[in-house]
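A quick note: this is a predicted structure, and the numbers were derived from the prediction, not measured.
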Amino acid sequence: MNIYTQVCGLIIVVLLLVFYRKQPTMGLSSEKRFITTLYAILGCVVLDIASCFLIVNASKYNSTIVLVTCKLYLLSLQTVSYCALAYTVADIFRYFGSEFEKFLGRLFRYSFIIGLFITTYLPVEYYYDGRYLYSYGKAAIATYIFVAIHIILIIASTMVLKNHIKQQKTNALLIWMLIWICSAVIQFFKPQLLIVSFSACIGALIMFFELENPQSVISRKTGHFSSAVIYDYLDYLYKSKTPFSAMIISFNTLNDTSSENKILRKTINTLSDFLFSIKAAKVFDTAEGYFFLIFNNKDFLENTKFKIETYFQSIEDNPDIAYAYTLLHPYYTIIPDSHIAADADDLMLLVTNFVPNNHNNLITNEVIIDKDAMALLRNRKQVEKMVISAMEDNRIEVHYQPIYNIASGIFTGIEALVRIRLNDGTLVYPNDFIPIVEETGRIVPLSDTIYKNVLSFIKSYRIEKLGIEKVELNLSVKHGESPVFVSRILEALQKEAIEPKLINFEITETYSIRSKENLAKNMEKLKEHGISFSLDDFGAGSSNLNYIVDMPVDIVKLDMHLTEEYFTNAKAKAIVKTVVDMAHSMGLRIIAEGIETKQQMDEMKSLGVDYLQGYYFSHPLPEHEILKFLQQNNL
């Protein structure tokens with residue numbers, strides 16, 4: 001009796017099962033179906049060996065036992081082929097297939113059951129001549145037919161449903177089926193070569209190394225699940241309609257220094273070891289300095305957060321770790337209910353936007369994401385999409401608001417203000433999209449578009465001949481601190497043959513010391529070429545005098561709200577007077593925004609303000625209207 005191949009197959013499957021069971025898995029349906037397939041193959045190989053043994057020793061056993069074992073082996077072959085089919089397509093049919101596809105899934109299942117009944121009903125025979133042995137008969141033929149049907153369905157499914165199946169899985173399945181087809185054909189014509197069950201073992205081995213090796217989803221640094229499979233797990237939870245909650249643990253980083261990176265790694269490693277004790281969560285190491293924990297119960301989330309906080313408190317006696325804890329204090333982004341997102345893509349979008357990059361701006365060490373926060377995020381993404389679309393479709397418009405020069409009595413400046421023209425013709429104003437594109441980084445390409453339009457306008461109409469001395473452009477810190485900003489601006493001015501002294505950039509404050517330093521360096525370089533700068537919105541938010549001292553600005557622009565308060569609030573009036581006197585003593589000029597009446601204009605004149613801007617003179621105007629305005633008032 002030659003059963004070496006079956007024994008080898010048995011060893012392979014047993015090793016796979018032992019290794020697989022010892023490794024952590026995410027509990028995905030594909031993992032469950034793979035392990036089911038392994039058990040089916042194990043049963044198939046055991047029954048193959050048992051049938052061979054009983055056929056050889058048929059004289060010692062009741063013939064019914066031999067025939068039943070042979071038939072069970074044939075049924076196990078069909079079970080293996082059906083498990084392989086279920087592993088291929090069941091997720092698709094169950095979770096996101098159409099009603100027709102789900103119907104096909106049920107049809108496959110019923111056809112498998114029918115195949116088992118038919119094979120059970122049909123007779124089976126066996127042959128043994130002292131050297132070769134095999135089973136045959138109608139039951140064997142039925143098994144070949146139904147297994148062939150399953151193989152054909154597997155191959156067809158990988159082709160038809162390729163948009164839903166990973167290419168790696170498709171390739172592995174096709175190789176497995178090819179091996180199985182070849183072995184089945186060989187055994188059909190040479191039944192004494194018992195290799196069908198062994199080929200199933202080889203197929204399982206291929207699938208294991210290509211797709212289902214648990215070690216492939218484990219981070220080598222921490223031993224937790226890697227970031228590469230976060231999406232797959234979330235996708236499975238949403239498509240299986242499994243509710244869950246989540247928590248992200250991130251750390252504060254102050255500077256990009258090697259010493260801080262070492263502390264961060266030490267803190268992460270320490271926390272990583274502790275997180276192995278959290279059995280209620282799937283823990284993912286994102287490789288970006290934070291951990292992603294997913295729970296199937298909100299209570300587990302709260303308990304885990306308490307355990308982690310207690311753990312960090314307990315290590316404060318360790319000098320090294322305590323210092324890391326103080327410097328890189330953990331922050332928690334809490335997602336209490338998975339229903340705030342529609343699917344895995346939606347939740348991953350949430351994660352990338354709500355894991356704080358700058359913890360210094362947070363009041364507490366916890367951010368809770370609810371439906372309102374998700375609605376806000378969706379709105380931000382819609383706005384971002386609107387801006388991108390407007391840039392692509394050339395619907396970015398620049399309007400200009402004149403700036404009155406008190407000394408000369410004419411309008412010597414204009415401020416360029418962006419607008420977005422929607423497809424229905426309505427305008428969207430800066431307050432509705434600038435803060436969002438500032439956060440997302442889209443401000444840089446948007447600013448480039450604005451500058452291009454403004455420079456083209458200056459070149460086309462030579463507005464300096466209409467009395468304009470300065471065109472004011474808003475400059476975002478993100479743009480201004482770029483190492484290529486200076487060269488790109490100078491190249492653009494040279495290309496359009498525009499004098500740099502005609503350009504004035506308005507800047508706002510930044511909290512980042514590094515951004516401030518880089519911006520100041522670029523400002524100094526541009527000032528050497530004649531470009532000037534003004535500090536915009538002075539008096540709004542957390543404006544401080546140090547910014548005037550440290551940054552090379554020529555003009556201070558009073559925020560319109562501070563200007564409004566000047567006429568109604570005695571304290572604001574005292575502040576504005578002080579700012580005007582201080583600026584003049586430093587050789588700086590003052591622009592007052594928000595002037596809406598002649599009385600306000602007269603008071604600002606008497607106060608000594610240099611320039612005025614507001615609706616009293618004009619609203620922001622499109623290109624052709626600002627040209628008409630300047631011709632009427634300056635010439």
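Ring planes of Tyr20 and Phe34: tilted class, angle from 30 to 60°. Classified by interplanar angle (parallel below 30°, tilted 30° to 60°, perpendicular above 60°), the ring pair Phe112/His150 is tilted. By the 30° and 60° cut-offs, the orientation of the rings of Phe284 relative to Phe225 is tilted.
To the nearest 0.5 Å, the span separating CD1 on Ile340 from CG on Asp372 amounts to 10.5 Å. For the atom pair Cys44 SG and Tyr73 OH, the distance stands at 5.0 Å (nearest 0.5 Å). Within the model, atoms CD of Glu125 and OH of Tyr136 stand 5.0 Å from one another, a figure rounded to the nearest 0.5 Å.
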Could you give the side-chain donor-acceptor pairs of residues 48-55 under 3.5 Å, partners two or more places apart or in another chain?
unit_1: Asp48; atom_1: OD2; unit_2: Gln6; atom_2: NE2; d: 3.3
unit_1: Asp48; atom_1: OD2; unit_2: Ser197; atom_2: OG; d: 2.6
unit_1: Ser51; atom_1: OG; unit_2: Leu47; atom_2: O; d: 3.1
unit_1: Ser51; atom_1: OG; unit_2: Asp48; atom_2: O; d: 2.8

Scan the side chains in residues 116-123 for donor-acceptor partners under 3.5 Å anywhere in the protein, sequence neighbours excluded, and list what turns up.
unit_1: Thr119; atom_1: OG1; unit_2: Gln78; atom_2: NE2; d: 2.4
unit_1: Thr119; atom_1: OG1; unit_2: Gly115; atom_2: O; d: 2.8
unit_1: Thr120; atom_1: OG1; unit_2: Leu116; atom_2: O; d: 2.6

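No donor-acceptor pair under 3.5 Å is formed between the side chain of Lys282 and the backbone N or O of Lys279. No donor-acceptor pair closer than 3.5 Å links the side chain of Tyr144 to the backbone N or O of Ala139. No donor-acceptor pair under 3.5 Å is formed between the side chain of Ser389 and the backbone N or O of Met386.
Residues satisfying the side chain to side chain contact (heavy atoms under 4.5 Å, CB included) criterion with Ile368, sequence neighbours excluded, are Ile334, Pro336, Glu366.
Counting heavy atoms from C-beta on, the side chains of Tyr61 and Asn57 come closer than 4.5 Å. Residues Val66 and Tyr126 form a side-chain contact, since some pair of their non-hydrogen atoms from C-beta on lies under 4.5 Å apart.
Between Cys83 and Ala40, the shortest heavy-atom distance links the atoms SG-CB, 3.9 Å.
Note: Tyr236 and Tyr231 fail the aromatic proximity criterion, with ring centroids not under 6.0 Å apart.
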